[in-house]
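Shown next, in structure tokens, is the structure this report addresses.
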Amino acid sequence: MITFDQAQALLAAAVTPLGIEELAIGEAAGRVLAEDVHAALPSPRRDVSSMDGYALRLADAAVSSTLALVGESFAGGALPPPVGPGQAVRIFTGAAVPQGADVVIIQENCEAGPGQVTIERAFGSGRNIRSMAGDFAAGDLLLPKGRRLDPLAMVTLAAADRAQAMVFNRPRVAVIATGDELAAPGTARDHPLAIPESVSFGIAAMIGEHGGAIVHRATGGDSLPALEAAAGEALGLADLVVITGGASVGERDFAKAMFAPHGLDLVFAKVAIKPGKPVWLGRAQGKWVLGLPGNPTSAMVTARLFLVPLLAVLQGQRGDALLDWTDLPLGTDLPPGGERETFVRMMASPRGLVPLGNQDSGVQGALSSAQWLVRRAIAAGAARAGETVPALRF
Ligand SMILES: Nc1nc2c(c(=O)[nH]1)N[C@H]1C(S)=C(S)[C@@H](COP(=O)(O)OP(=O)(O)OC[C@H]3O[C@@H](n4cnc5c(N)ncnc54)[C@H](O)[C@@H]3O)O[C@H]1N2
Ligand code: MOO
């Protein structure tokens with residue numbers, strides 16, 4: 001059996017990004033940039049006021065002085081006239097600072113009269129002026145290739161004055177859940193031998209959060225001919241097929257077998273991890289196939305550890321960038337590690353991380369309380385409360 005690191009290296013070596021396309025900015029949220037984005041303009045474009053008030057010369061800014069109002073400056077309005085000695089311009093937030101002015105006194109410290117303004121109160125040392133290009137200059141690199149256009153990056157993209165962006169294609173993903181016992185949520189109560197099909201809903205949500213588009217969903221029983229047909233249909237529609245269940249060694253574990261007539265080539269199968277040992281990755285008809293164990297906790301842990309990096313690489317990112325372990329303190333002692341590398345489901349507490357009480361691979365009830373996966377090496381020694389351990393956001 002290969003180790004977790006070996007499996008990650010095989011994934012990174014085998015998988016390459018999908019194609020790229022140009023999208024209008026309004027369509028690009030959530031995509032990954034396939035180009036560097038440079039600023040077309042400086043920001044701010046010129047010296048602008050950061051407050052509503054009066055622009056004047058610092059030399060004229062004594063308390064009780066009265067200045068002649070010679071114009072006004074609005075954001076997006078005409079450029080104001082210059083300010084000379086003894087003069088001021090009415091100014092608003094974001095508006096151009098007139099030539100000659102080097103301070104804006106906020107209006108709360110002034111009293112305006114007809115054609116004039118008097119500085120009534122002492123003001124602080126701030127000039128209330130944002131300098132031209134103080135944020136970025138024209139030509140500056142604002143967003144690198146590989147950056148996901150999350151809500152914050154969307155602001156930066158628009159500020160670069162870009163109407164469109166080159167982005168990686170969204171991976172089209174098919175999700176197949178297998179098992180004769182599975183029934184659609186809401187219907188299991190009607191069949192004494194059925195259980196709700198839960199896993200694919202978590203997997204589909206994770207795919208959506210990481211930039212994939214679900215193009216097909218199916219639930220298959222445990223009959224091989226029907227599963228072979230389902231595999232063919234999914235391969236025809238998607239860049240990636242995620243199949244849950246049937247990954248182990250049971251008589252009706254057909255997840256790999258159903259892709260065999262479609263030319264399945266395995267990248268790896270079986271990894272020395274707990275939970276999730278039966279996870280496998282392959283390629284068939286030029287499409288990726290990721291097999292996850294059916295046990296709900298195992299499926300979600302292996303999705304976080306393999307599906308998320310796989311989606312990242314398909315979208316031009318480094319898969320290991322999504323495996324960003326942080327050292328965090330334990331809130332309790334941990335027993336020694338076993339013969340498989342273990343990913344312990346943990347919650348944050350004021351004392352540090354504490355494991356969920358039930359670490360069984362089949363857990364569904366407490367799964368929503370799991371916030372972190374703590375990595376425990378094969379045969380790791382016991383860990384004490386207060387020690388730091390590598391943790392990954394689950
Ligand atoms: N003799 C051995 N038995 C097992 C081994 C082994 O090495 N030797 N490995 C175990 C491990 S580890 C795991 S993990 C499981 C995974 O097996 P499968 O991927 O074949 O999963 P299934 O048998 O199909 O299902 C396991 C369990 O999960 C439930 N399930 C499956 N799919 C769903 C779903 N979509 N929604 C909700 N629940 C689901 C299923 O009913 C089973 O209870 O194998 C061990 N066995
Ligand atoms: O590896 Mo399985 O996921 O332990 O139960």
Side-chain angles (χ1 to χ4, degrees), residues 1-4 7 173-189 191-207 214 216-224 226-227 230-231 234 241-260 264 266 268-282 289-307 335 337-345 355-356 358-368 370 373-376 378 394:
M1 232 186 314
I2 60 172
T3 65
F4 176 71
V173 189
V175 181
I176 305 177
T178 64
D180 278 333
E181 70 280 30
L182 305 178
T187 67
R189 69 197 73 175
H191 308 279
L193 302 179
I195 59 166
E197 195 284 290
S198 60
V199 169
S200 77
F201 292 90
I203 300 300
M206 201 178 272
I207 289 165
I214 305 285
H216 178 66
R217 285 177 74 158
T219 305
D222 289 329
S223 126
L224 186 53
L227 288 172
V241 181
V242 180
I243 170 122
T244 66
S248 192
V249 294
E251 263 174 43
R252 293 189 182 169
D253 285 340
F254 291 141
K256 287 190 218 71
M258 66 195 261
F259 287 92
L264 179 67
L266 283 176
F268 61 78
K270 268 202 174 180
V271 182
I273 56 173
K274 189 178 169 179
K277 174 180 69 171
V279 62
W280 58 276
L281 176 66
V289 188
L290 180 66
L292 305 178
N295 276 324
T297 287
S298 309
M300 294 310 289
V301 169
T302 48
R304 177 64 186 88
L305 296 176
F306 293 94
L307 175 58
E339 58 185 18
R340 289 187 262 161
E341 196 163 346
T342 304
F343 296 89
V344 187
R345 282 74 70 201
L356 297 189
N358 187 344
Q359 291 286 318
D360 187 83
S361 303
V363 162
Q364 304 185 84
L367 192 56
S368 58
L373 293 178
V374 165
R375 190 174 178 178
R376 301 278 290 143
I378 293 169
F394 192 9

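Order of listing sets the numbers, starting from 1, for every ligand and every atom in it.
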Could a heavy atom of [X] be found less than 4.0 Å from some atom of ligand 1?
{"X": "S361", "value": "no"}
{"X": "P196", "value": "yes"}
{"X": "G246", "value": "yes"}

Q.
Using a 4.0 Å cutoff against the non-hydrogen atoms of P293, which atoms of ligand 1 qualify?
A. 14 (S), 16 (C), 19 (O)
Q: Identify, by atom number and element, the atoms of ligand 1 in contact range of G245, meaning under 4.0 Å from any of its heavy atoms.
A: 19 (O), 21 (O), 24 (O)
How close does the nearest protein non-hydrogen atom get to [atom], and which residue and atom is it?
{"atom": "atom 25 (O) of ligand 1", "result": "G294 CA, 3.9 Å"}
{"atom": "atom 40 (C) of ligand 1", "result": "E181 OE2, 3.1 Å"}
{"atom": "atom 5 (O) of ligand 2", "result": "S361 OG, 2.4 Å"}
{"atom": "atom 11 (C) of ligand 1", "result": "P278 CG, 4.0 Å"}
{"atom": "atom 38 (N) of ligand 1", "result": "I195 CD1, 3.7 Å"}
{"atom": "atom 10 (C) of ligand 1", "result": "S248 OG, 4.0 Å"}
{"atom": "atom 8 (N) of ligand 1", "result": "V249 CG2, 3.5 Å"}
{"atom": "atom 37 (C) of ligand 1", "result": "S198 OG, 3.2 Å"}
{"atom": "atom 35 (N) of ligand 1", "result": "E197 OE2, 2.8 Å"}

Q.
If we set the cut-off at 4.0 Å for heavy atoms, which region of D253 has an atom near ligand 1: side chain, backbone, both, or neither?
A. side chain
Q: Report the part of S298 in contact with ligand 1, treating N, CA, C, O as backbone and CB onward as side chain, heavy atoms under 4.0 Å; options are side chain, backbone, both, neither.
A: side chain
Between [X] and [Y], which heavy-atom pair has the shortest distance, and what is it?
{"X": "P275", "Y": "F343", "result": "CD-O, 3.8 Å"}
{"X": "T178", "Y": "M258", "result": "CG2-SD, 4.5 Å"}
{"X": "P355", "Y": "V344", "result": "CB-CG1, 4.0 Å"}
{"X": "H216", "Y": "A218", "result": "NE2-CB, 3.9 Å"}

Q. Under 3.5 Å between some N or O of ligand 1 and some N or O of S200?
A. no
(Q) With respect to R340, determine whether any N or O atom, backbone or side chain, lies less than 3.5 Å from an N or O atom of ligand 1. (A) no
Q) So is G276 polar-close to ligand 2, meaning N/O to N/O under 3.5 Å? A) yes
Using a 4.5 Å cut-off on heavy atoms from C-beta on, say whether the side chain of [Y] contacts that of [X].
{"X": "I195", "Y": "L182", "result": "yes"}
{"X": "M300", "Y": "I203", "result": "yes"}
{"X": "L373", "Y": "L305", "result": "yes"}
{"X": "T342", "Y": "Q359", "result": "no"}

Q: Determine whether the side chain, the backbone, both or neither of P293 has a heavy atom under 4.0 Å from any heavy atom of ligand 2.
A: neither
Q) Which one of V289, L290, L292, T302 satisfies the side chain to side chain contact (heavy atoms under 4.5 Å, CB included) criterion with W280? A) V289
Q: Kindly compute the distance separating CG (L307) from CD1 (I207), expressed to the nearest 0.5 Å.
A: 5.0 Å
Q: Starting at CG of D180, measure out to OG1 of T219 and round the result to the nearest 0.5 Å.
A: 11.5 Å
Q. With a distance cut-off below 6.0 Å to the six-membered ring centre and an angular limit of 45° from the axis, does R340 pair with F4 as a cation-pi contact?
A. no
Q: I would like to know whether R345 and T297 meet side-chain hydrogen bond (donor to acceptor under 3.5 Å, both in side chains); could you show each step before the answer?
A: CA-CA 9 Å; R345 282 74 70 201; T297 287; 5.1 Å; no
Q: Pick whichever of A247, A299, P275 has a heavy atom sitting closest to atom 18 (P) of ligand 1.
A: A247
